[in-house]
Amino acid sequence: MSNLFRHLPSVDEVLSVLGRIEGISELPRPLVKNLVNEFLDICREEIRAGAFTEAGQLSAKALSPRLTAYVRSKARPHFRRVLNATGVVIHTNLGRSLLAKSAIDAVAEACGHYSNCEFDLSTGKRGSRYSHVEKILCDITGAEAALVVNNNAAAVFIMLETLARGREVIVSRGQLVEIGGSFRIPDVMVKSGARLREVGATNRTHVHDYENAIGDETAALMRVHTSNFRVVGFTKEVSLAEMRVLGDRYGLPVIEDLGSGTLYSLAGEGLLGEPTVQQVVAQGADVVSFSGDKVLGGPQAGVIVGRREYIDRIKKNPINRAVRIDKMTLAALEATLRLYLDMDEARRKVPTLNMITASPEALKSKARRLAEAVRESLGERAEVGMKKGFSRVGGGSFPEYDLPGTMVTVSVRGIPPEALRGALLDTDPPLVARIEDDEFLLDPRTLGSSELKLAAHALKQAVDALTK
Ligand SMILES: *Cc1c(COP(=O)(O)O)cnc(C)c1O
């Protein structure tokens with residue numbers, strides 16, 4: 001065995017072989033050298049484990065295919081594009097919303113050039129970065145003032161810190177939500193310095209519960225969107241209108257964390273029960289916050305709209321500097337918001353809205369094209385079918401609504417669905433699929449038209465890897 005170690009090629013020998021291989025010769029040499037060393041260490045481990053028996057297996061030429069694959073896969077950028085065949089439109093783990101074409105262009109323009117990011121072109125003096133989106137947010141939502149920060153978690157935090165630090169905020173026990181990724185309303189409240197005053201029961205909260213809790217210490221009444229769950233059965237929530245009446249009676253602001261927040265009314269799509277931001281503002285919420293990259297379909301951001309007296313105080317909070325929005329985000333957000341000046345245009349051009357509102361016929365036709373492409377790339381090896389199924393909005397929106405559509409089912413002889421799904425995470429680009437009732441599914445809703453061929457090709461790569 002010790003003899004075999006001596007037959008391992010030297011790093012230089014391996015490098016000269018790799019130097020001629022396309023896709024590797026262009027990589028930074030120090031990076032490739034490190035990876036070659038790692039690979040040779042793995043070979044030494046394997047020799048120790050008795051995986052090699054003859055010197056010939058250890059020549060640079062014999063090791064070349066594995067080595068090339070190793071270097072290729074390790075040298076790729078860590079942040080990568082994936083194909084989303086899960087049907088979850090706002091998939092937080094897969095990057096949430098895709099930007100509209102005009103927003104992508106705006107980002108490129110903003111980061112490749114100098115800009116009036118904080119420069120007032122009418123005076124030649126320092127300007128405010130919020131000026132770019134404040135007016136359009138007010139025009140669309142009907143609010144008096146607006147502000148944007150890094151994300152909605154930051155928006156909730158800074159609202160509470162500004163308006164309620166050291167005092168009490170009254171929230172229904174039915175709305176003390178955890179969003180995931182450790183964002184919990186009670187915890188954010190503690191960190192903001194505001195004190196949570198819980199009222200009501202998990203399933204029922206009444207106006208008098210809020211009213212009985214109001215005292216000298218009360219700073220605000222708060223509503224939180226129960227984004228990712230529903231309480232059903234014997235339930236009662238106090239409406240925004242009722243909260244407004246209380247707020248007026250006791251001189252308290254009503255603040256609302258809308259979570260996803262939508263500017264486009266999805267009521268027509270059968271997605272009822274979700275008020276638009278415009279409606280929430282019109283019903284008298286004083287300060288409302290929502291995410292930029294959930295149903296709005298823009299970049300990661302936290303949008304705060306509401307009454308000027310409160311928004312101005314939030315703007316002056318020094319914490320604002322720590323949660324401020326960057327110029328690429330601002331550019332993408334403004335471009336996205338401009339699409340909402342015409343709601344029909346927003347539905348067509350904002351990918352998130354477009355995917356949520358896709359018609360059953362369009363989805364069926366996309367499923368047919370996907371099934372065809374998969375049949376073509378897998379041939380005899382697979383059984384490919386279509387069946388009715390459901391997609392999800394995701395992002396903690398519309399938790400109880402299934403979006404009906406057509407799924408593509410794939411079954412490959414000798415390969416369990418879980419194995420196929422696992423192998424697809426290692427294709428180029430990786431594909432994330434779904435398994436339901438032990439069946440492997442591709443949901444075409446979240447695949448772009450130009451991605452159908454890529455998805456079929458990924459399946460071929462995965463099946464090849466599993467059967468070689
Ligand atoms: C998603 C969500 C948040 C957090 O928003 P981010 O933009 O992810 O920071 C806060 N509150 C509610 C109710 C949410 O649904």
Side-chain angles (χ1 to χ4, degrees), residues 88-99 133 137 146-161 163-164 169 171-192 194 196 198 220-231 237 240 243 254-263 266 271 273-277 280 285 287-306 314 319-320 322-326 328-330 332-333 336-337 350 352 356 392-401:
V88 180
V89 179
I90 305 166
H91 197 308
T92 297
N93 300 152
L94 302 184
R96 288 204 184 153
S97 285
L98 310 185
L99 293 182
V133 290
L137 276 169
L147 168 74
V148 283
V149 293
N150 181 60
N151 57 11
N152 188 35
V156 173
F157 176 79
I158 199 168
M159 286 196 301
L160 292 169
E161 216 276 346
L163 304 175
V169 178
V171 188
S172 159
R173 287 198 170 88
Q175 298 177 355
L176 296 175
V177 299
E178 171 178 310
I179 306 303
S182 75
F183 180 92
R184 282 179 172 179
I185 285 294
D187 299 347
V188 174
M189 192 84 75
V190 169
K191 288 290 175 192
S192 75
L196 171 64
E198 302 175 28
L221 307 174
M222 185 182 194
R223 285 161 58 85
V224 182
H225 190 275
T226 53
S227 290
N228 44 13
F229 71 101
R230 279 285 180 271
V231 181
E237 260 197 355
L240 177 54
M243 302 265 286
V254 175
I255 62 186
E256 174 139 8
D257 169 12
L258 260 185
S260 191
T262 176
L263 299 176
L266 289 159
L271 297 171
E274 243 1 70
T276 59
V277 177
V280 172
V287 193
V288 180
S289 79
F290 54 97
S291 289
D293 56 354
K294 290 187 181 169
V295 178
L296 179 64
Q300 179 188 305
V303 181
I304 309 175
V305 300
I314 298 170
I319 289 169
N320 221 336
V323 295
R324 99 175 169 186
I325 188 164
D326 87 302
M328 291 187 273
T329 311
L330 265 178
L333 186 59
T336 306
L337 290 170
V350 175
T352 298
I356 293 172
R392 285 283 160 130
V393 176
S397 323
F398 308 99
E400 80 274 45
Y401 287 103

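Each ligand, and each atom within it, is numbered from 1 in the order the structure gives.
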Any idea which heavy atoms bring Gly297 and Thr352 closest together, and the distance?
CA-OG1, 3.7 Å
Can you find an N or O of Val177 that's nearer than 3.5 Å to an N or O of ligand 1?
no
Given Gln300, Lys294, His225, which one has a non-hydrogen atom that is nearest to atom 14 (C) of ligand 1?
Lys294
List every atom of ligand 1 that sits less than 4.0 Å from any heavy atom of Ala153, numbering the atoms from 1 in the order shown and giving each element.
4 (C), 5 (O), 6 (P), 9 (O)
Candidate pair Ser289 and Asn152, rule side-chain hydrogen bond (donor to acceptor under 3.5 Å, both in side chains), full reasoning
CA-CA 7 Å; Ser289 79; Asn152 188 35; 2.8 Å; yes
Is it true that Gln175 and His225 share a donor-acceptor pair across their side chains at a distance under 3.5 Å?
no
For Ser291, the atoms of ligand 1 under 4.0 Å from one of its heavy atoms are 5 (O), 6 (P), 7 (O)
When rounded to the nearest 0.5 Å, the distance separating OG of Ser192 from CD1 of Ile319 is 9.0 Å
Within less than 4.0 angstrom of ligand 1, does Asp257 place any heavy atom?
yes
Looking only at heavy atoms, the pair that brings Pro299 and Thr329 closest together is CG-O, 3.4 Å
Which of the ligand 1 atoms, numbered from 1, are nearer than 4.0 Å to a heavy atom of Arg96
6 (P), 7 (O), 8 (O)
What residue among Val171, Val156, Leu176 forms side chain to side chain contact (heavy atoms under 4.5 Å, CB included) with Met189?
Val171
Do any nitrogen or oxygen atoms of Asp293 come within less than 3.5 Å of a nitrogen or oxygen of ligand 1?
no
